Amino acid sequence: MLQDRGSAQESGNWIACLTYKSRAAYSPSPADLEDLVHKARLRNRSLGVTGMLLYENGKFLQTLEGPPEGLSEIWAAIREDKRHTHIEILSEHIVSARLFSDWDLLLYSRAEERTRSPARRAEDGPDLSEYVPRMARLALDADDIRLGAQLAALTEEGWSGEALVARLIEPTARAMGDAWLADQCGEIDLTIGLSMLQLAAHAVRLSPCSGAIRGSRFSILLATAPGEAHMLGTSLLADQFTDAGWLVEMAFPKTESELIAQVRAFGPDAVDLSLSDALPRHHALARLRETIVQSRKAAPDSLAVISVGGRLFAEAAATAAMVGADYARPSAIGSTVRLAQLIDKHRKGR
Ligand SMILES: Cc1cc2nc3c(=O)[nH]c(=O)nc-3n(C[C@H](O)[C@H](O)[C@H](O)COP(=O)(O)O)c2cc1C
């Protein structure tokens, strides 16, 4: 087992993540699987790779994550391994946080459940298994909002980020693998669901203490401008800010007072207000300006930065100054970095 991989200090480095499925070319006994995994763990550890291997009914499913060089070395060996065939990559991407940071290679199979892996994590203390089926369902349905809300609720109850990752997020990933192995969900659902969990894991892991999600470095309320029906910009930002470890809340207020109530209740470091990405909303600028004045009044102590976005700003047909904002996003990309800089600047200038 690893001690400090996946910790906040790693969060600046990108991690390659690969998930594949294959068919076993033999019928491995629990001892065969243990032997395979024992050797794999040693090598994974030496190369900084972590992951999970599921085996059921002649099918393997494996997720590996680690520095790109280490991962390709291991992948080259796995691809050539005659113990399995029909190898098919399900997803391959770069992420900013590991899902299995504590596991050189977590083995999960029903056979192994019966014999109990010696490397399994100590399962002391109260568990969160009652939440696993619901979490798995939410992840497979790609319902990241409810997934985040569930984790936030457990964090409020005092569960630490570490406990949530170990007792809820990892078991959920396994439950999802089980669902796939039992043909209860498609591969795409599984792959997307695992990515959702990865984002969630990132959010809870960033904070070392309990209050993990709340303990993120910055918080932001991502909102559509009051009355704006197009939500694309706000949802695109949500992924990025969550992935970057921010504490994110979303709002789709119909009125200015609804928005102000949320700014007051949440007290974020930043608020982002989106107009439509599809249509220019010239007529909305005056109202947006007023909304920004009111938002600043609503949380004068905490609110450091207000950003705006949408087609008008992307095309430079409107500027931040025109609506009294601190920053106008030309696109969703890069906003996390820019807003973090602005918040830091604001805090230093106090
Ligand atoms: C389904 C499956 C998963 C494997 N996972 C890993 C793994 O995560 N890490 C690893 O080092 N080897 C893993 N192996 C074993 C490698 O394929 C290979 O046998 C081992 O790395 C030794 O490689 P080498 O013969 O090139 O030295 C796996 C094998 C199979 C069949």
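Given the structure is predicted, the values throughout are model-derived calculations rather than measurements. Order of listing sets the numbers, starting from 1, for every ligand and every atom in it.
Heavy-atom proximity to atom 27 (O) of ligand 1, evaluated over R43, K39, Q62, is greatest for R43.
Among protein heavy atoms, the minimum distance from atom 12 (N) of ligand 1 is reached at A40 CB, 3.7 Å. Protein heavy atom closest to atom 9 (N) of ligand 1, with residue, atom name and distance, is N44 OD1, 2.7 Å. Remark: minimum distance from atom 14 (N) of ligand 1 to any protein heavy atom is reached at I78 CG1, 3.9 Å. Protein heavy atom closest to atom 29 (C) of ligand 1, with residue, atom name and distance, is D81 OD2, 3.5 Å. Among all protein heavy atoms, the one lying closest to atom 26 (O) of ligand 1 is A77 CB, 3.7 Å.
Each of the atoms 4 (C), 28 (C), 29 (C), 30 (C), 31 (C) of ligand 1 lies under 4.0 Å from some heavy atom of L36. Those atoms of ligand 1 with a heavy atom of L105 less than 4.0 angstrom away are 8 (O).
Close to ligand 1: Y20, with a non-hydrogen atom less than 4.0 angstrom away.
Between atom CE of residue M135 and atom CG of residue L154 there is a gap of 7.5 Å, rounded to the nearest 0.5 Å.
Side chain to side chain, T19 and T63 meet the donor-acceptor criterion of an N or O pair below 3.5 Å. Between Q294 and E290, the side chains place a donor N or O and an acceptor N or O closer than 3.5 Å (distance only, hydrogens not considered).
In this structure, atom 23 (O) of ligand 1 has a protein heavy-atom contact shorter than 4.0 Å.
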